[in-house]
Amino acid sequence: MTEHKHWSEWLAERVIEEKKEPYVITGGMTTSGPVHFGTLCEFLFPASVKRALEARGKKVSFYFVADILDAFDSVPLAMEEYKSQLEPHLGKPLCDVPDPTGKSKSFGDHYLDEAKVLMKKFGIECTIVRINEYYQQGKFDEWARFYLKHEADAKKIVEETSGKEEKKDWSPLMPICQNCGKIATTRVLSHDGENYEYVCDRDVKYTKGCGFKGKAKIADHRYKITWRLHWPAWKQIFHSSIEGAGMDHHTKGGSEDTCKEITTKLMKAEYHIPFKYGFILFQGKKYSKSKGIGMGISDMVMLIPPEVIKYMLVKPDLEENVDINPTAENMLKTMEDFQKAAELYTKDMEALNRHERKMAIAYGLSTDKLRWKVPFIDVLLYYQIYKDWKETARLTGDPEGVEYLKPYIGEWIARDFMPDDYRFKYQAGKIEASELAKRFVASLKDDMDALAVHNAVFDFAKANGTDPKAMFGELYQAILGKERGPRMGKLIIAIGISRLKKDMGS
Ligand SMILES: [Zn+2]
């Protein structure tokens, strides 16, 4: 039953059914700006397919292509301070632009290195390929020659699948200018299948060609194949079994259509299994790397553990847009959901309903082990009352879990990233409690649990002819000095019934 399964399951099963082992998963991106949630998905989704295949005992590798031979076309906001230094390099391949921070091999590597740090944090293993190296080693040469040989047919397929007429001087190749080093401004004038002549005279708005006219040959490896043809070529080079891409590639006229036609009609090769995934939204809006709206991934990893972020991203249906709305309330819900999923994961999968199964599978894709037992929200509650980690560890009975969650909760407090109900100071004894509140606390028995306390509020209100809501309000006032707070039963148990009695003079 496909609709009952998580997407990682049906994709893995399709790979096993249609492709030969060892399987190869490919993926990739142009690292031209800071990492964001979309970047994370580019490797998280393929890594999930890999994990699903491995869980079925299959041999599988995952190649992640860093497409850094692409042209450097804009200075990202994050590099604004280096603008004057970077601008002269616009139009050059990203791997040939110096990294102004001096940390990485090139500008393209700067953001690739940033992505690598993120992958490590998220425990994603793959073989990273700097595509410029593959070009330099001549791995694309046979495909460059192939496209030159079938130039007219390739152009026809590109035009038909994109729905756009290409210019007369269209070429499968983008030469790198020998004079100025730019790749964005060149065009091929003529070729004999191996040797080609080019001129660097295009105006691409963000930069202009230098006017140089030169000759080169494929064997020099000073070119890149144009995107719509480069993509199908890499799938052949890696022998890709499966590769996913975002919706933008999968729309009508997108590069996915071209890739399929080129592979099956022109190369007459077997097509890999394509899959598409939705957009990452931020509070309902499309995530934008240039504008950098909303909370970044580097912020979020400080607030919740990476396995929970992974869970949040892999749980929805693959083609569904994931809307990230990181309010404290939503993050708490996600933490609770994750913990519930951990519990479901230990159960018989076949006995779970569709939603539960999705949760359990997403959990299995996110981590090997739950690092804490006590609910996150309880740790938050105990810490808010005692302001002491040792005491929190002792009272919750999960010292290891508390230790693991401590840096995250510390960050919640430091940023005041707190749900309103948890923003409080224990006040009992400092505030004059109402008679009713005092009498209620006095009526509690020392061995009651959270639920019993909660029920006792209702019983007490009823017995005294008071509205339960008003009763809760009086208690919150007496204990926290505000109208609302965490759940009363949990709150009173966390404080301790005898301590509360003493503090309130009940
Ligand atoms: Zn030039």
Side-chain angles (χ1 to χ4, degrees), residues 30-33 65-76 79-80 82-102 104-112 130-141 143-145 147-148 151 154-155 158 164-231 233-234 290:
T30 304
T31 51
S32 57
V65 172
D67 232 354
I68 52 175
L69 204 50
D70 285 351
F72 170 48
D73 61 5
S74 63
V75 178
M79 287 266 189
E80 193 70 13
Y82 303 108
K83 205 171 175 173
S84 59
Q85 222 174 309
L86 282 168
E87 268 176 350
H89 297 287
L90 284 166
K92 287 186 191 174
L94 291 160
C95 60
D96 291 342
V97 178
D99 175 13
T101 70
S104 302
K105 255 188 242 178
S106 73
F107 181 86
D109 283 284
H110 178 93
Y111 289 116
L112 174 60
R130 296 169 76 238
I131 209 68
N132 51 317
E133 289 176 3
Y134 267 46
Y135 271 93
Q136 273 152 22
Q137 291 157 11
K139 289 190 171 152
F140 279 88
D141 286 359
W143 291 110
R145 292 183 186 113
Y147 288 134
L148 287 182
E151 194 170 2
K155 185 180 182 184
V158 169
K164 246 174 50 196
E165 203 183 319
E166 292 292 345
K167 289 201 184 94
K168 238 183 151 171
D169 59 1
W170 178 90
S171 170
L173 302 188
M174 300 186 293
I176 298 168
C177 177
Q178 193 192 321
N179 182 52
C180 70
K182 289 178 189 169
I183 192 169
T185 49
T186 56
R187 59 194 176 94
V188 173
L189 297 172
S190 65
H191 70 83
D192 65 6
E194 174 68 30
N195 303 284
Y196 57 89
E197 210 180 345
Y198 69 92
V199 63
C200 178
D201 67 351
R202 290 176 61 208
D203 180 348
V204 287
K205 305 265 163 43
Y206 60 87
T207 189
K208 276 192 183 98
C210 68
F212 180 81
K213 216 176 193 181
K215 279 181 188 161
K217 52 181 184 293
I218 299 291
D220 295 340
H221 319 310
R222 296 282 298 162
Y223 68 92
K224 192 197 170 197
I225 298 172
T226 177
W227 163 248
R228 283 190 188 244
L229 303 179
H230 163 71
W231 204 26
W234 102 28
S290 54

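First listed ligand is number 1; within each ligand, the first listed atom is number 1.
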Applying ring-ring contact (aromatic ring centres under 6.0 Å, His included) to H230 and not counting sequence neighbours gives Y135, F140, W234
Give the table of side-chain donor-acceptor pairs shorter than 3.5 Å for residues 166-179, with sequence neighbours excluded, one pair per line with atom names and distance.
residue: D169; atom: OD2; partner: R187; partner atom: NH1; Å: 3.1
residue: S171; atom: OG; partner: L173; partner atom: N; Å: 3.0

- prompt: For K208, does its backbone N or O pair with a side-chain atom of K182 as donor and acceptor, under 3.5 Å?
  reply: yes
Hits for ring-ring contact (aromatic ring centres under 6.0 Å, His included) against Y147, two or more places apart or cross-chain, chain-then-number order -> none
Got T101 and Y82 here, is their nearest side-chain heavy-atom distance under 4.5 Å? yes
task: Using a 4.5 Å cut-off on heavy atoms from C-beta on, say whether the side chain of L86 contacts that of P100.
output: yes
Protein-side N, O or S atoms sitting under 2.8 Å from the Zn ion (ligand 1) are C177 SG, C180 SG, C200 SG, C210 SG
